[in-house]
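Written below as structure tokens is the structure these notes are about.
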Amino acid sequence: MKHKHGDEVNGWLIIDKPCGMGSTAVVGKTRWLLQAKKNGHTGTLDPFASGVLPIAFGEATKLVPFVTEGRKEYEFVLKWGEQTSTDDIEGEVVARADKIPTHDEIIAILPEFIGKITQVPPVYSAIKIGGQQAYKLARRGQTVEMPARQVEIFALELLEEYADSAKFRVECSKGTYVRTLGKDLALKLSTVGHLTALRRTKCGNFSLQHTILLDSLEKMEYVEERRKSLWPMETSLRDIAEIAVSAEDALRLIQGQSLSPKGFEVKPSENLVAAKLQNCLIALVRIDERKIAPVRVFNLNNVKKETKDVDYK
């Protein structure tokens with residue numbers, strides 16, 4: 001989102017989103033708190049959920065795909081015996097069952113959900129059907145057919161058990177609906193269930209250790225102090241190789257020009273490489289035997305200062 005007023009603020013703000021607040025509301029609140037011109041989130045986190053919500057500011061918005069494509073990790077509590085219309089606490093109960101699965105039964109079926117699995121996303125989701133969000137159609141009473149999708153579960157474990165519910169941890173791919181996973185777990189165990197708690201603990205390269213509470217930001221008196229909570233843009237890039245470039249090379253990349261790989265100790269790679277000027281991210285580049293080509297360029301004020309007097313032929 002852009003705002004006509006505000007400063008050029010660049011970096012990542014990782015919010016520990018509170019329950020009951022929508023992701024879009026967090027974006028607006030943080031843009032105001034940091035008096036920034038532009039920011040955006042990396043994918044909606046359900047209002048009833050809490051946890052890691054990365055907010056990209058300024059040029060960091062160009063790196064959003066690197067976060068959205070990354071793995072996610074959640075902890076969730078699944079209550080047995082009641083299925084709801086939304087698969088969480090916000091819906092109406094639509095089915096009941098008396099069975100409470102045993103510890104051994106739960107452990108036995110977990111391996112069946114690890115790997116590539118097929119999910120039918122919940123009707124109450126932001127997925128667009130015929131150009132309209134599914135949950136809006138559902139709220140109007142329309143019948144919505146949700147297409148199945150393949151997702152990947154990398155890890156799934158039982159953490160705790162209670163009288164009528166159980167707590168799990170899941171590490172999953174982009175596009176996984178944890179509410180659907182909970183419903184499917186219950187059905188596999190010959191009962192029904194819905195999520196009573198959902199907390200995202202990791203999103204791409206960010207985890208709870210990177211987060212700050214909105215309340216903590218609001219208590220800071222000065223904008224400059226709030227901006228100190230930003231993480232550098234490259235924090236979102238996991239294990240990416242780097243090359244150091246001169247001011248002249250930086251200017252060429254910024255202008256969309258390629259560099260010769262001669263003089264750089266680099267090898268051709270299918271992966272993107274971060275080009276930096278004095279430890280400041282200039283561009284993401286792709287390197288082959290003939291050239292170092294910019295793929296994504298960042299227009300940062302400090303880089304402009306370093307390159308403004310450069311004269312090259």
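Hydrogens, waters and symmetry mates are skipped; everything else that's a heavy atom, side chains included, is used. Here, residue 1 is the first one in the sequence, and each next residue gets the next number.
- With salt bridges taken as basic N to acidic carboxylate O contacts below 4.0 Å, one links Lys29 and Glu218.
- Take Trp231 and apply the ring-ring contact (aromatic ring centres under 6.0 Å, His included) test, not counting sequence neighbours, and it matches His210.
- Classification of Glu157 and Arg169 as a salt-bridged pair holds, one side-chain N sitting under 4.0 Å from a carboxylate O.
- A salt bridge does not link Asp46 to Arg200: none of the charged side-chain nitrogens sits closer than 4.0 Å to a carboxylate oxygen.
- No side-chain heavy atom of Phe298 sits less than 4.5 Å from a side-chain heavy atom of Asn10.
- Using a distance-only test at 3.5 Å, with no hydrogens or angles considered, a donor-acceptor pair links the side chain of Thr201 to the main chain of Glu73.
- In Lys188, the NZ atom is not crowded: 12 or fewer heavy atoms of neighbouring residues, nucleotides or ligands sit closer than 6.0 Å.
- Across every non-hydrogen atom of Ser23 and His41, the tightest pair is CB-CD2, 3.8 Å.
- Between Glu224 and Lys228 there is no salt bridge, since none of the side-chain N atoms of the basic residue sits less than 4.0 Å from a carboxylate O of the acidic one.
- Look at Glu90 and Arg179 and you find no salt bridge, because none of the NZ, NE, NH1 or NH2 atoms lies under 4.0 Å from a carboxylate O.
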Test log, rule side chain to side chain donor-acceptor pair (under 3.5 Å), inputs Thr86 and Asp88: CA-CA 5 Å; Thr86 58; Asp88 59 31; 2.5 Å; yes
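- The closest side-chain heavy-atom distance from Ile240 to Phe66 is not below 4.5 Å.
- A donor-acceptor contact shorter than 3.5 Å links the side chain of Trp12 to the backbone of Met233.
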